[in-house]
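Notes follow once the structure below has been shown.
When reading the values below, keep in mind they use all heavy atoms of this one structure, side chains included, and skip hydrogens, waters and symmetry mates. Every number for a ligand or one of its atoms is a count from 1 in the order of the listing.
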Amino acid sequence: MCGITGYIGENKTTDILIDGLKRLEYRGYDSCGIAAVDAKGSLYLRRVSGRVDALDKLVAEDPAKGARAGVGHTRWATHGAPSEDNAHPHTDCTGKLVVVHNGIIENYLDLKEKLLAAGHKFKSETDTEVIAHVIEEKLKALNVQAAAVRSEMTEPVFFEAFRRAVNDLKGSFALSAVWAPCPGMVLTARMHSPLVIGLGKGENFIASDVSAFLKHTKRVVFLNDGEMAAVRKDGVDYYDFKGKKTAKDSVTIQWDSTMAEKGGYKHFMLKEIHEQAEAVENTLRGRLLPLGGDVLKAEMGLTSDDIKGFASVQFIACGTAHHAGLVGRALFENFGIPSYADVASEFTDRAKLMRKGTLVAAISQSGETADTLFAVREAKAAGAKVIAITNTVGSTLTREADYVLYTHCGPEIGVASTKAFLGQLAAIYLLAGHFAAARGILKASDARRYAEDLLKIPRLIEETLAQEKDIAKVAQHFASSEHFLFISRHVNYPIALEGALKIKEISYVHAEGYAAGEMKHGPIAIIYKGMPLLAVAPSGRTLELMAGNVEEAKARGADVVAIVDEDSRKRVKAGRYITLPKTDELFTPMLSVIPLQIFAYYVALAKKCDIDKPRNLAKSVTVR
Ligand code: G6P
């Protein structure tokens, strides 16, 4: 949550900061701001309540002159309402020191009390502003006069004050600071919030994630918790919080910046829905055959012997990723492998019960979700091995897990997750196939069929996407409904949950996802005449029961949309149908979710909602 950017170099600092913020807006978008200094140490600061476009306009009306170093921020409010006063960057009492921050300073009230007693004046309700004043105190303690402009002492003094301040902070932070008398250096530090440095030629970048500066450089260095960096235009030095220099390796990111642009689609969400066949294909590529063999060994050190050694699999995740975990549970259980799925935030006690033979599969698009990371640490401490299923190279999760299975979906910008979910499902089906084959649960010919069926999924996704216009019509018909019900069973039960979540996220209307078998235990009572009910009912073991559930709902007035295949369509009597291409029942979640994503998209479009940046949400939830 919240995105930070930083820049130092000879190019147009404010443009680079603002462009970076636009790319990070998915992390939070209730207010934003930038600050930059010129070579003489004059500070330029602009903030707005609202979106980065408004900031861009404000800066264009009265541009900064000669700025060569700066920081920027787009906010998802935690402490203090979204307003210009609470927008970052925040300043100290002198107005010469600015900070931007992502995270939560847990001891800010203690610090604030002391600072107030020392005479500091606060202008916002945020925890972040405290940091600026703590640095100011440290500068004072080092006997610095702000007048010491361009003295050769400004850099070491600023560094030391910043370092000492960072050591006083408790909680999570990705932090960057600029001090006007020291225009040649931007300082940055990380603790439990993502932070990455981009290495350019004669310029360097700081950001919460690489998409902010990918168009300038793909060479990056990821900071770890407890690390800080002094970023100058000609180089970057890395330190621990004690001030000891550390050596860091750079990595080259494969994504290119155009992958994070809309490419002719009206919204990122729609573009990303259309990228799902590719996401699945890329995630499966080179990792499937031979199923049960040692194909994952070279990439992540996971051998078929390791796989045989795990007694159970525990999925943990949040949001949409949790729904992928629930599909995983059904799939592993289908193979007779004990499996569990929990939301990471409710895992604390169960984490302590993890044992050596459990493989904890932590699913996270961003690899930065605070609850998921917390759960991983607890599970590891209890003795479990952890596999990360993530889309983000270098994310915190990848550094904490024992094994990393990347989904290769490319950047996902829309806040409502779509292609990342498909990538997660592909990774889980891949893993389940290897588990079942390595343990002899899938015999050779069945394993081959499983792999073949899985490899056909990208083509079937394309066929499903081709029905977009028909699905859009169904969505338009129901667009003014205030309640939606989604039901299904077994592997598709999580898809009912995901369908409801998509509607809630981007249309702000009430939607419930239910296991169809639970209908008679309560939800059926809420059905009224004309209520939209979307039922996922593919052919297979759950069809008869689903057909019955649809009848019961219709009898009480529900207006049913059945997501079926050609065969199950004959059995389920609904008012409207969306017909999926045929695949084995086990693989249907990778197809059935697509009409529900498209449905949610067009309901939100008809309601004129801000689809890529839904209210109150952020893509990456980095606070607990
Ligand atoms: C937020 C996003 C969701 C996402 C969830 C987990 O709530 O809006 O789309 O599913 O976080 O994120 P992760 O990065 O861990 O998959």
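- Using a cutoff of 4.0 Å between basic side-chain nitrogens and carboxylate oxygens, D56 and R51 are not scored as salt-bridged.
- Residue contacts with ligand 1 for A618 involve N, CA, C or O but no side-chain atom from C-beta outward (heavy atoms, distance under 4.0 Å).
- Of the listed residues (L288, T407, I389, V295), just one forms a side-chain contact (heavy atoms from CB on, under 4.5 Å) with L430, and that residue is L288.
- Among protein heavy atoms, the minimum distance from atom 11 (O) of ligand 1 is reached at K619 O, 3.6 Å.
- Checking each of K502, E412, E505, Q365 against S417 for a side chain to side chain donor-acceptor pair (under 3.5 Å) leaves exactly one that passes, namely E412.
- The contact set between ligand 1 and A321, taken as ligand atoms under 4.0 Å from a residue heavy atom, comprises 10 (O), 16 (O).
- Ligand 1 has no atom lying under 4.0 Å from any heavy atom of S620.
- Taking every heavy atom of S417 and a limit of under 4.0 angstrom, the matching atoms of ligand 1 come to 9 (O).
- Note: H88 and H73 have parallel aromatic rings, judged against thresholds of 30 and 60 degrees for the angle between ring planes.
- With respect to atom 5 (C) of ligand 1, the closest heavy atom belonging to the protein is C318 O, 3.8 Å.
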**OP:** Determine, stepwise, if the pair Y265 / H274 fulfils ring pair (Phe, Tyr, Trp, His ring centres under 6.0 Å).
**Re:** CA-CA 10 Å; Y265 287 95; H274 280 273; 5.3 Å; yes
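- Both tests hold for R624 against F374: distance to the six-membered ring centre under 6.0 Å, angle to the ring axis within 45°.
- Each of the following atoms of ligand 1 lies closer than 4.0 Å to a heavy atom of Q365: 13 (P), 14 (O), 15 (O), 16 (O).
- The nearest protein atom to atom 14 (O) of ligand 1, hydrogens excluded, is given as S366 OG, 2.6 Å; this is a heavy-atom distance.
- Judged by the 6.0 Å distance and 45° axis criteria, R615 is positioned over the aromatic ring of Y508.
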Original post:
Can E468 and Y602 be said to form a side chain to side chain donor-acceptor pair (under 3.5 Å), step by step?
Top reply: CA-CA 10 Å; E468 180 181 344; Y602 280 100; 2.4 Å; yes
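- Looking from atom 12 (O) of ligand 1 to the surrounding protein, the closest heavy atom is T369 OG1, 3.4 Å.
- Considering backbone and side-chain atoms together, T372 places no N or O closer than 3.5 Å to any N or O of ligand 1.
- Scanning all protein heavy atoms for the shortest distance to atom 7 (O) of ligand 1 gives V621 CG2, 4.0 Å.
- Nearest-residue assignment for atom 9 (O) of ligand 1 (options T320, L617, V415; heavy-atom criterion): V415.
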